[in-house]
Number of protein chains: 2
Amino acid sequence: MDKNNLNQIGLSRHLTPQQWRTLVDCCESIVPVPNKTTLSERGTKLSKSLFLVEGFMGRFITYDVTDRKQLVAVEVPGDFVDFHAYPLKRLDHDVVSLSDAKVAVFDHVVLQEIFDQDVELCRTVWFMTLIDASIQRHWTYRNAAMRALPAIANLLCEFRQRLMHAGMDTDSSFELPIQQSTLALACGLSVEHVSRVMRDLREGGYCSMSNTVVQIHDLRRLEEIAQFRTDYLCPSHD
Amino acid sequence: MDKNNLNQIGLSRHLTPQQWRTLVDCCESIVPVPNKTTLSERGTKLSKSLFLVEGFMGRFITYDVTDRKQLVAVEVPGDFVDFHAYPLKRLDHDVVSLSDAKVAVFDHVVLQEIFDQDVELCRTVWFMTLIDASIQRHWTYRNAAMRALPAIANLLCEFRQRLMHAGMDTDSSFELPIQQSTLALACGLSVEHVSRVMRDLREGGYCSMSNTVVQIHDLRRLEEIAQFRTDYLCPSHD
DNA sequence: CGTATGCTTGAATCACGTCAACTGATGTGG
DNA sequence: CCACATCAGTTGACGTGATTCAAGCATACG
């Protein structure tokens with residue numbers, strides 16, 4: 001895949017066309033990533049950042065003692081993966097692909113150069129990492145304050161909304177190449193309980209998930225039990 | 001209080017002395033904030049950012065339907081409050097003081113000017129907001145993956161560590177001007193259960209909390225049951 | 001004084017985890 | 001083609017961690 005074919009999708013739409021071109025020009029390469037690939041491990045020093053072109057990525061925090069893997073964040077197409085690694089250098093978690101994916105690679109040194117020349121671009125990218133932070137706060141909220149059924153419903157609504165931003169058609173159904181066990185890891189629930197919740201959502205006429213496709217049966221009612229709000233996903237820039 | 005008395009504490013220590021001076025020079029004023037003051041409400045447009053000189057601040061997400069207030073983040077002295085509001089402008093949550101506090105106020109327009117002149121400073125402040133994000137990921141983890149007792153223990157360890165960074169003496173005890181109900185809001189637990197957990201921590205010889213002081217009885221064992229790790233609080237810059 | 005406010009404790013209930021067994025789809029090698 | 005393994009999902013029985021409701025107790029405060 002040629003880097004000139006890179007489309008401005010998802011969060012990257014916050015950039016002006018010129019800024020986007022500046023960024024794309026310094027893209028090192030575009031590489032395919034198979035499912036379940038560990039892209040970076042906790043504590044190792046990073047020198048590259050990624051733009052997620054296709055597929056899903058997950059951030060996992062693991063404590064060796066308990067061996068519990070907790071999924072604390074998911075990136076969808078159009079997200080910048082580890083652009084915050086650029087100033088942070090070392091991360092406290094692992095980044096693993098949740099599906100076959102495709103990523104555009106950026107070198108930190110090159111990024112530093114273009115940011116030096118364009119404070120506005122630096123600020124905009126900063127802004128985008130802050131939307132991630134906003135989503136992260138919501139994940140904190142969801143895990144602490146919501147019961148299993150509304151939580152799962154809420155997560156599905158979030159995915160739908162974010163994939164919509166990424167330009168995918170999500171009217172009555174959408175592709176979601178992750179499985180129940182992944183939802184369980186994201187919400188801190190057991191797979192068995194997620195299975196029961198999915199049955200309730202199905203039988204309640206809200207939505208259903210089979211293979212890699214989520215079918216929305218009644219969006220209004222789904223968003224209602226999910227207590228879904230969009231403000232944390234798309235804060236206005238002005 | 002005069003702004004020339006502002007000490008470089010906590011996260012602000014990531015700035016060089018010159019950067020710190022640049023920032024302090026553009027501080028508008030230093031104002032006292034009484035306990036339980038709402039500094040900014042969800043959705044309202046912000047034109048100022050704050051540096052927390054003294055006291056504690058909390059970020060609350062509330063859904064009107066359920067009326068459940070969830071505490072998703074806490075700021076300690078030395079933290080920049082809403083510096084990320086600078087590019088974000090509107091927040092998805094409320095910011096409320098958890099104790100009597102003192103804040104230094106910065107105007108966004110002035111900030112924009114000094115960032116325009118110093119990309120490096122912009123980058124460093126960005127870096128600091130990313131440590132917040134790292135903490136946020138850990139809160140997501142704690143809420144999803146940890147049981148009540150280790151979770152509370154972990155939160156107390158986090159406060160201890162962060163207050164240590166802020167230059168407070170926290171050898172065998174430290175000031176923590178928040179109450180059990182606040183811990184409950186932070187961990188998504190009921191006040192009654194937090195009370196029981198605190199009793200277990202006390203009787204187990206780990207730590208105890210009375211009024212506004214946390215007494216550490218056995219730090220090693222406390223950090224052990226808390227599964228405490230410091231990496232998410234102080235990532236290295238290089 | 002009485003009345004909040006913060007903490008504590010007990011008993012009943014419930015949401016969710018754990019364990020175990022089973023299904024169906026997919027794949028693999030003989 | 002069949003025997004077998006694997007993996008995602010499902011279901012039931014049971015245990016438990018945490019909530020809820022209710023009451024009581026201490027301290028601070030108008």
Side-chain angles (χ1 to χ4, degrees), chain A residues 34-36 56 58 66-71 98-100 142-156 175-204 207-215 225 227, chain B residues 34-36 56 58 66-71 98-100 142-156 175-204 207-215 225 227:
Chain A
N35 190 8
K36 292 183 186 168
F56 285 64
T66 56
D67 203 38
R68 172 138 180 61
K69 252 203 174 88
Q70 176 64 38
L71 181 54
L98 297 175
S99 70
D100 290 341
R142 184 192 296 125
N143 287 343
M146 298 180 84
R147 304 267 116 170
L149 189 129
I152 295 281
N154 187 284
L155 184 57
L156 292 175
E175 279 266 327
L176 189 71
I178 66 176
Q179 46 217 24
Q180 292 193 4
S181 57
T182 310
L183 297 180
L185 287 177
C187 294
L189 299 167
S190 65
V191 276
E192 294 93 334
H193 201 62
V194 169
S195 170
R196 286 183 252 265
V197 166
M198 292 307 295
R199 168 171 48 83
D200 293 345
L201 285 174
R202 206 184 314 124
E203 293 177 353
C207 67
S208 58
M209 194 169 106
S210 69
N211 262 334
T212 62
V213 176
V214 176
Q215 284 279 346
I225 55 156
Q227 291 167 38
Chain B
N35 190 9
K36 292 183 187 168
F56 285 64
T66 54
D67 204 40
R68 172 139 180 59
K69 252 203 174 89
Q70 176 65 38
L71 180 54
L98 298 174
S99 70
D100 290 341
R142 184 193 296 125
N143 288 341
M146 297 180 86
R147 304 267 122 184
L149 188 129
I152 296 282
N154 188 282
L155 183 57
L156 292 175
E175 279 267 326
L176 189 71
I178 66 176
Q179 45 217 23
Q180 292 193 5
S181 58
T182 310
L183 296 180
L185 287 177
C187 295
L189 299 167
S190 65
V191 275
E192 295 93 332
H193 201 60
V194 170
S195 169
R196 286 182 250 264
V197 166
M198 293 307 296
R199 170 171 47 85
D200 293 346
L201 285 173
R202 204 185 316 122
E203 293 178 353
C207 67
S208 58
M209 194 168 106
S210 69
N211 263 333
T212 62
V213 176
V214 176
Q215 284 279 347
I225 56 157
Q227 292 166 38

Give me the atom names and distance for the closest heavy-atom approach of B:Gln180 to B:Val194.
O-CG1, 3.8 Å
I'd like a table of donor-acceptor pairs (distance under 3.5 Å, sequence neighbours excluded) in which one partner is a side-chain atom from residues 145-156 of chain A, with atom names and distances.
from, atom 1, to, atom 2, distance (Å)
A:Asn154, OD1, A:His138, NE2, 3.2
A:Asn154, OD1, A:Arg142, NE, 3.2
A:Asn154, OD1, A:Arg142, NH2, 3.1
A:Asn154, ND2, A:Ala226, O, 2.8

Between atom CE in A:Met198 and atom P in D:dA8, what is the gap in whole Å?
16 Å
Spacing of A:Asn143 atom CG relative to C:dA15 atom P, expressed in whole Å
19 Å
Over how many whole Å does the gap from A:Leu201 atom CG to D:dG9 atom P extend?
14 Å
What's the separation between atom CG in A:Asp200 and atom OG in A:Ser195, rounded to the nearest 0.5 Å?
9.5 Å
Integer-rounded Å distance: C:dA15 P and A:Asp200 CG
11 Å
So CG of B:Leu176 and CG of B:Leu183: to nearest 0.5 Å the spacing works out to 7.0 Å
For nucleotides 4-7 of chain C, tabulate all protein N/O to nucleotide N/O atom pairs closer than 3.5 Å, reporting atom names and distance.
from, atom 1, to, atom 2, distance (Å)
C:dG6, OP1, B:Gln179, NE2, 2.8
C:dC7, OP2, B:Gln180, N, 3.3

Has the side chain of A:Ser208 got a donor or acceptor atom that lies under 3.5 Å from a matching backbone atom of A:Arg202?
no
Any residue meeting side-chain contact (heavy atoms from CB on, under 4.5 Å) with B:Thr182, in chain and number order, not counting sequence neighbours:
B:Leu71, B:Leu98, B:Ile178, B:Gln179
Has B:Gln215 got a side-chain atom pairing as donor or acceptor with B:Met209's backbone, closer than 3.5 angstrom?
no
How bent is the helix from C:dC1-D:dG30 to C:dG30-D:dC1, measuring the angle between the end axes built from five pairs each, rounded to 10°?
30°
Heavy-atom contacts, protein to nucleotides 17-23 of chain D, under 4.0 Å, summarised as B (base), S (sugar-phosphate only) or - (none) per nt, yield SBBBBB-
Of all residues at least two apart in sequence or in a different chain, which pass the side-chain contact (heavy atoms from CB on, under 4.5 Å) check with B:Lys69?
B:Phe60, B:Thr62
dist A:Asn143:CG -> B:Cys187:SG (nearest 0.5 Å) comes out at 12.5 Å
Donor-acceptor under 3.5 Å (B:Asp100 side chain, B:Asn35 main chain):
yes
